[in-house]
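The next block holds one structure in the form of structure tokens; read it before the comments.
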Amino acid sequence: MLLFLLLLIAGCGGDLRDPTGLEGFPNPPGGGTGTTGGGGGGGGPTGSSALIGTWQAVFVIQLDTDVQRQTTTWSFGTRGSCHRTVEIFSVLADQTFTTESDCAFVVGAHDVTITYAGNTASATFQWSLANFSRDRLVLDGITYDRIH
């Protein structure tokens, strides 16, 4: 979809403008290349700093015998460090189960590679900004709202 919009814009005449409000923003999405941030948060990303901040998504899941609320929070720091928190509240158990993971990240033009602390394997997620908003992050198809 984003590629279609970029091709559509490229085919139009007239002055270029910045519909996302990211003009002058260091390495806007699509313009960064990223560098490796060592395990545990070494060197920082040189790719888009649009990811920097804290993002959260909340889902309510209906199971056969339970209703759960899952809250996933990602925090991306300026030096390539990140942190993921997943909280699952179970109505049946009347309890919240929390998993926290420290990580390092490397930003690419359309992807971000996450390496969790104590793990040499990494995971790569596609990312974009939803509706050209710096406050809505789409990470592998899940929309997160900026909370900080």
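One finds the CZ atom of F76 at 10.5 Å from the OG atom of S81 (value rounded to the nearest 0.5 Å). Taking CG of D111 as the start and CG of D140 as the end, the distance is 9.5 Å to the nearest 0.5 Å. The CZ atom of R84 sits 7.5 Å away from the OG1 atom of T99 when rounded to the nearest 0.5 Å. Atom-to-atom distance recorded for S122:OG and F105:CZ is 14.0 Å, nearest 0.5 angstrom.
Residues passing the side chain to side chain contact (heavy atoms under 4.5 Å, CB included) test with I88, sequence neighbours excluded: Q68, Q70, V86. For A93, the side chain to side chain contact (heavy atoms under 4.5 Å, CB included) criterion is met by S90, Q95, F97, not counting sequence neighbours. Residues satisfying the side chain to side chain contact (heavy atoms under 4.5 Å, CB included) criterion with Q62, sequence neighbours excluded, are V67. Under the salt bridge (charged side-chain N to carboxylate O under 4.0 Å, His left out) criterion, D102 pairs with no residue at all, not counting sequence neighbours.
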**Message:** Under the criterion side-chain hydrogen bond (donor to acceptor under 3.5 Å, both in side chains), I'd like the reasoning laid out for H83 against E100: C-alpha separation, chi angles, the key distance, then a yes or no.
**Reply:** CA-CA 7 Å; H83 187 82; E100 297 197 40; 2.7 Å; yes
**Request:** Kindly indicate, with the supporting measurements, whether the criterion side-chain hydrogen bond (donor to acceptor under 3.5 Å, both in side chains) is fulfilled by T113 and T124.
**Result:** CA-CA 4 Å; T113 301; T124 300; 3.1 Å; yes
**Request:** Verify side-chain hydrogen bond (donor to acceptor under 3.5 Å, both in side chains) between T54 and S75, making sure each step is shown before the conclusion.
**Result:** CA-CA 4 Å; T54 303; S75 295; 3.2 Å; yes
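Side chain to side chain, T71 and E87 fail the donor-acceptor criterion of an N or O pair below 3.5 Å.
F125 and V138 fall into different hydrophobic clusters, where Ile, Leu, Val, Met, Phe, Trp and Tyr are joined by side-chain heavy atoms under 4.5 Å apart, directly or via other members. Side-chain heavy atoms closer than 4.5 Å link hydrophobic residues (I, L, V, M, F, W, Y) into clusters, and following such links, possibly through other members, connects V60 to V91.
No donor-acceptor pair closer than 3.5 Å links the side chain of N131 to the backbone N or O of S133.
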In residues 141-148, what donor-acceptor pairs under 3.5 Å come from side-chain atoms, sequence neighbours left out?
from	atom 1	to	atom 2	distance (Å)
D145	OD1	R136	NE	2.8
R146	NE	R134	O	3.1
R146	NE	D135	OD1	3.2
R146	NH1	I52	O	2.8
R146	NH2	A50	O	3.3
R146	NH2	R134	O	2.8

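Shown here for T115 and N119, the closest heavy-atom pair between the two residues is CG2-O, 3.3 Å.
Here salt bridge (charged side-chain N to carboxylate O under 4.0 Å, His left out) pairs that include residues 54-74, with residues two or more places apart or in two chains, number zero.
Put simply, the residue from V112, L137, I114 that forms a side-chain contact (heavy atoms from CB on, under 4.5 Å) with W74 is I114.
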